[in-house]
Amino acid sequence: MNAYAPILVLGALAAGFAIFSVVMASIIGPKRYNRAKLEAYECGIEPTPHPAGGGRFPIKYYLTAMLFIVFDIEVVFLYPWAVTFDSLGMFGLVEMLLFVLTVFVAYAYVWRRGGLEWD
């Protein structure tokens, strides 16, 4: 338990600082609300009203999310493999080639569907 004490103390200090900052900002900060401040900020573009059911999202949204997940998962698995590459031998190399091939298939799908084109 002594090895984890500094980590727990640092976590408690970070949480305490975050809570303190939020509480003090709400107490001390200015409270001048107006209609413009309460509206959603859309990069200077007037927000458009959406249908009651939420409407349909374009396929670009899902393709971008899928692309992010594909590369995020690839990086998460490539780092431990790179660290233990020498001890895995040929088995590790073949398994990683199969994994990268699977990731490439997902990448090719997103590319084919137009997920990499930013209009």
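Residue numbers start at 1 and run along the sequence shown.
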### Query
Taking only residues two or more places apart in sequence or in another chain, which ones pass side chain to side chain contact (heavy atoms under 4.5 Å, CB included) with Ala65?
none
Could you pull out all donor-acceptor pairs under 3.5 Å where a side-chain atom in residues 74-93 meets a protein atom, sequence neighbours excluded?
unit_1: Trp81; atom_1: NE1; unit_2: Gly92; atom_2: O; d: 3.2
unit_1: Thr84; atom_1: OG1; unit_2: Pro80; atom_2: O; d: 3.0
unit_1: Ser87; atom_1: OG; unit_2: Thr84; atom_2: O; d: 3.1

### Message
Under the rule for ring-ring contact (aromatic ring centres under 6.0 Å, His included), what residues qualify as partners of Phe71, not counting sequence neighbours?
### Response
Tyr107
### Summary
For Arg35, the salt bridge (Lys or Arg N to Asp or Glu O under 4.0 Å) test, sequence neighbours excluded, returns Glu39
Distance-only donor-acceptor pairs under 3.5 Å for side chains of residues 9-26, two or more places apart:
unit_1: Ser21; atom_1: OG; unit_2: Phe17; atom_2: O; d: 2.9
unit_1: Ser26; atom_1: OG; unit_2: Val22; atom_2: O; d: 3.4
unit_1: Ser26; atom_1: OG; unit_2: Val23; atom_2: O; d: 2.8

### Query
Under a 4.5 Å side-chain heavy-atom rule over Ile, Leu, Val, Met, Phe, Trp and Tyr, are Trp111 and Leu101 clustered together?
no
